Protein chains: 4
Amino acid sequence: MLRNKKVPSMVKDPQLIKVRRAQMVKGAVRLFIDKGFHRTTTREIAKEAGFSIGTLYEYIGAKEDILYLVCDDIYLEVSKRLKKQLSKEGSALERLKLAIHSYFQIVDDMSDEVLVMYQEVKALPKESLQYVLQKEKEMASILEEIIRECVEANELNVKGDEVNLLAHNILVQGQMWTFRRWALRKQYTLEQYIDWQTDLLLKGKG
Amino acid sequence: MLRNKKVPSMVKDPQLIKVRRAQMVKGAVRLFIDKGFHRTTTREIAKEAGFSIGTLYEYIGAKEDILYLVCDDIYLEVSKRLKKQLSKEGSALERLKLAIHSYFQIVDDMSDEVLVMYQEVKALPKESLQYVLQKEKEMASILEEIIRECVEANELNVKGDEVNLLAHNILVQGQMWTFRRWALRKQYTLEQYIDWQTDLLLKGKG
Amino acid sequence: MLRNKKVPSMVKDPQLIKVRRAQMVKGAVRLFIDKGFHRTTTREIAKEAGFSIGTLYEYIGAKEDILYLVCDDIYLEVSKRLKKQLSKEGSALERLKLAIHSYFQIVDDMSDEVLVMYQEVKALPKESLQYVLQKEKEMASILEEIIRECVEANELNVKGDEVNLLAHNILVQGQMWTFRRWALRKQYTLEQYIDWQTDLLLKGKG
Amino acid sequence: MLRNKKVPSMVKDPQLIKVRRAQMVKGAVRLFIDKGFHRTTTREIAKEAGFSIGTLYEYIGAKEDILYLVCDDIYLEVSKRLKKQLSKEGSALERLKLAIHSYFQIVDDMSDEVLVMYQEVKALPKESLQYVLQKEKEMASILEEIIRECVEANELNVKGDEVNLLAHNILVQGQMWTFRRWALRKQYTLEQYIDWQTDLLLKGKG
DNA sequence: TATGAATGAGCCTTCATTCAT
DNA sequence: AATGAATGAAGGCTCATTCAT
């Protein structure tokens, strides 16, 4: 399985690297939300992170590494939160509904971050892009597994090769809540949106 | 209703403006597909379009205008094609299914263009963005109307305020076919994808 | 035979390229004499040449190209001058002596330029270096030919494979006048230096 | 007479200074040979020397000091070796020939070092340059003295003020073997080169 | 109208040097 | 004495935009 991409650093202390990169990512996300990756300068990121441009480059090899770090971080956060919310109890279908609900809530909560990620990934160099897509596949797998459990428990009627598709639909509809917010938030609350999409996704499949 | 944004030009002859901008957009799309908006230079666009950088700036005010023109053009093309395909005959539900089918096919056919547009709109200056979002709303309206006809004909069971949501879902799932092609095209043909999504969108709503 | 390296330019008019590059080289030589290649910035060169940094990069691809242009120019000037001075009359030996005399005088006259060239060539990228060494070989050939004529005329006693070595010695002793000027100019006039070296080079070979 | 330049150090123990600087010089020479002074970073030198960048700056005041130390070291090595080879026996002329032979052999053996030195001295700050030129003068003196002995012994016919010039010629022709190696080594062995140059230098002067 | 040379602000990145530990 | 993280001035280069022809 594809592991994380190794971002080069001149600094040896791994703990320090972790701390500084966290500062960096935090600052970068704020800026990327505002102006996008390309319009944000490395100096701005350094300043926002609270250190000098020289220090910034002690912890990365190139500007694109920051974008990778940001994407990586957001995925990590999303899946960490999602895994924490996943229930071990209840019927498979109940667990799937909960997963959807949790995922949509997380996406709503991290709206800016998720939006940034989906808008900027394409700026990643090819190799990094692979790593990030891998994360997306892992997210899908989490849902696929629960869906498969529903199928096995006869709670959902989805053909084998469509499990994957359903998982993607869930993910996309979650993201849709962020990148269509200009249209959706005016008319629906998150809860309404969740209910409706859940219905749509699962009703016909009972 | 929001009309088109006025892109400044030093040239008077409207016919000439049209011709030159068409060349420009054609060249720009090819380049944006390849390298994205930010990595494409105005010089490259001029060259690809077949004229000089000086001439380019006779027909636009700034680089961003090109992006606007490109987005505008793609929307125009998509809706032109879609409208051409819309049927006046058959039941409302049949017409909706056809609309979905047509839309998905158009999106598949214009895959690169659609992808570019969704990835780059955010680079538009706020004002232009409004104009482009307006186009998206118009696209939605087309679908909404047909959906409403289905509801009126009792062929579909969707509550009033959910019509809009359903329309957005259709649009997003069409786009999904482009920006998730790395995952989807490996497993499904376009027809399979259309069938499945149509089912999902409409089955539970019968 | 190795032709000149092609230095890239965004400008089309070849005449203009010639003019601008001449300005560039002139300014660069002055600066390189003063501070060497590495300590001279592209901005300084542009300023000295009388145009902006942007314009500078319309006529070259990278800073190293300027160094190449400078070396190329100096060689061209030296060999142009030398060829102009070469006599067609007199005995072969007289013509060789004249050639030596001319070469030393040219080197003295272009002292700064020659010094810069020999101190900075090593900063050239490998490929460019080949082109410049080629020029040096051409300089040597000019002398070799005259030496060979001396041998054929029985005016000089040099074995076949040593013709080349003698030519190199002449070149190096000419350059020595520049890079050892801190020691030589204090004690000898150019004429004295020429006489003595000529004697040394040719006396034992009569 | 000009003594050695004082390179500043924060460390007191002179023995330790000696050791560290030796490590430093050794590493630096290797790197300078490869990439030249300007393209070599202080960090690289520290690493190659086996200690940290902080430690490096405990033993020098600035990067240029390293270059000075390197040049100084190379001169020291060359003259140490040369002095060791000088004979006290035989005729003056024999001793001169031996000196030339030895010098050329040393230069051949330390080819890289000598080349680096002559290519980089100009990067030294003015003051340091003086110290290094002084070393070159001392090298010349060694030869001058032997030449003078030849003259006194009537084994060589050189006018008083030309002794110095002859010494310089010897030195330059030795160096020529390094900085023209691209041309010379293809055609001559070191021994051939020595024989030929010795002949040239001394034949006409017998 | 069309051209393309000129401009310079601004970007990413490097690296000599410092200093707290 | 030794370390190495932090600094920021400075460098090479790009590219959107202008304007004289």
Side-chain angles (χ1 to χ4, degrees), chain A residues 9-13 16-17 19-20 38-47 50-64 66, chain B residues 9-13 16-17 20 38-47 50-66, chain C residues 9-13 16-17 19-20 38-47 50-64 66, chain D residues 9-13 16-17 20 38-47 50-66:
Chain A
S9 168
M10 309 256 67
V11 173
K12 295 170 176 179
D13 179 357
L16 193 52
I17 293 182
V19 173
R20 292 277 176 274
H38 282 104
R39 291 198 210 287
T40 302
T41 68
T42 52
R43 270 178 176 80
E44 288 172 317
I45 297 171
K47 195 173 183 183
F51 38 72
S52 73
I53 181 66
T55 299
L56 184 80
Y57 274 89
E58 292 282 302
Y59 294 92
I60 55 162
K63 191 189 175 190
E64 280 162 347
I66 305 176
Chain B
S9 168
M10 306 264 73
V11 175
K12 305 295 169 191
D13 180 354
L16 192 52
I17 294 182
R20 291 275 178 272
H38 282 104
R39 291 199 211 287
T40 302
T41 68
T42 51
R43 263 163 143 131
E44 288 171 317
I45 297 171
K47 193 174 183 185
F51 38 72
S52 74
I53 180 67
T55 300
L56 185 82
Y57 273 88
E58 294 287 308
Y59 295 91
I60 54 161
K63 190 189 176 190
E64 281 160 347
D65 289 338
I66 305 176
Chain C
S9 169
M10 309 256 67
V11 174
K12 295 172 177 178
D13 179 357
L16 192 53
I17 293 182
V19 173
R20 291 277 176 275
H38 282 105
R39 290 198 211 287
T40 302
T41 69
T42 51
R43 272 174 176 82
E44 287 171 318
I45 296 172
K47 195 173 183 184
F51 38 69
S52 72
I53 181 66
T55 299
L56 184 81
Y57 274 91
E58 292 282 302
Y59 294 92
I60 55 162
K63 191 189 175 191
E64 279 162 348
I66 305 177
Chain D
S9 168
M10 306 264 73
V11 176
K12 306 294 169 193
D13 180 354
L16 192 52
I17 294 182
R20 290 277 178 271
H38 283 103
R39 291 199 210 286
T40 302
T41 69
T42 52
R43 263 162 143 131
E44 288 171 317
I45 296 171
K47 193 174 183 187
F51 38 73
S52 74
I53 181 66
T55 300
L56 185 81
Y57 273 87
E58 294 287 307
Y59 295 91
I60 54 161
K63 190 189 176 190
E64 280 160 347
D65 289 338
I66 305 176

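Bear in mind the structure is a predicted one, so any value in this text is a computation, not a measurement. Throughout, protein chains are lettered first and strands after them, A, B, ... in sequence-line order, and every chain is numbered starting at 1.
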Review point. Between D:Thr40 and D:Lys63, which heavy-atom pair has the shortest distance, and what is it?
Key: O-NZ, 2.8 Å
Exercise for review: Kindly give the heavy-atom pair with the smallest separation between C:Arg39 and C:Glu44, and that separation in Å.
Suggested key: O-OE1, 3.8 Å
Point to revise | Touch class at under 4.0 angstrom, heavy-atom based, for C:Met10 against every strand present | key: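 Sugar-phosphate, no base atom in range.
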Exercise for review: Would you indicate what B:Lys47 reaches in the nucleic acid, counting non-hydrogen atoms under 4.0 angstrom: base, sugar-phosphate, or nothing?
Suggested key: nothing
For residues 52-60 of chain C, tabulate all N or O donor-acceptor pairs below 3.5 Å that involve a side-chain atom, not counting sequence neighbours.
| residue | atom | partner | partner atom | Å |
| --- | --- | --- | --- | --- |
| C:Ser52 | OG | C:Gly54 | N | 3.4 |
| C:Ser52 | OG | C:Thr55 | N | 3.2 |
| C:Ser52 | OG | C:Thr55 | OG1 | 3.2 |
| C:Glu58 | OE1 | B:Arg43 | NH2 | 3.3 |
| C:Glu58 | OE2 | B:Arg43 | NH2 | 3.1 |

Review point. Roughly how far, to the nearest 0.5 Å, is NZ of A:Lys47 from CD1 of A:Ile45?
Key: 13.5 Å
**Study point:** Span of DNA chain E, from the first to the last nucleotide whose atoms fall under 4.0 Å of chain B heavy atoms
**Key:**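 Taking any atom under 4.0 Å from a heavy atom of chain B, the span is E:dT1 to E:dA5.
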Revision key, fill the gap. Note, DNA chain E 5' to 3' with Watson-Crick or G-U pairs under 3.5 Å encoded as ( ), [ ], | and . gives .||||||||||||||||||||
For nucleotides 12-15 of chain F, give me every protein contact, N/O to N/O, under 3.5 Å, one pair per line with atom names.
| residue | atom | partner | partner atom | Å |
| --- | --- | --- | --- | --- |
| F:dG12 | OP1 | C:Lys63 | NZ | 2.8 |
| F:dG12 | OP2 | C:Thr42 | N | 3.0 |
| F:dG12 | OP2 | C:Thr42 | OG1 | 3.3 |
| F:dG12 | N7 | C:Arg43 | NH1 | 3.1 |
| F:dG12 | O6 | C:Arg43 | NH2 | 3.4 |
| F:dC13 | OP2 | C:Tyr57 | OH | 2.3 |
| F:dC13 | OP2 | C:Lys63 | N | 2.8 |
| F:dC13 | O5' | C:Tyr57 | OH | 3.3 |
| F:dC13 | N4 | C:Arg43 | NH1 | 3.3 |
| F:dC13 | N4 | C:Arg43 | NH2 | 3.4 |

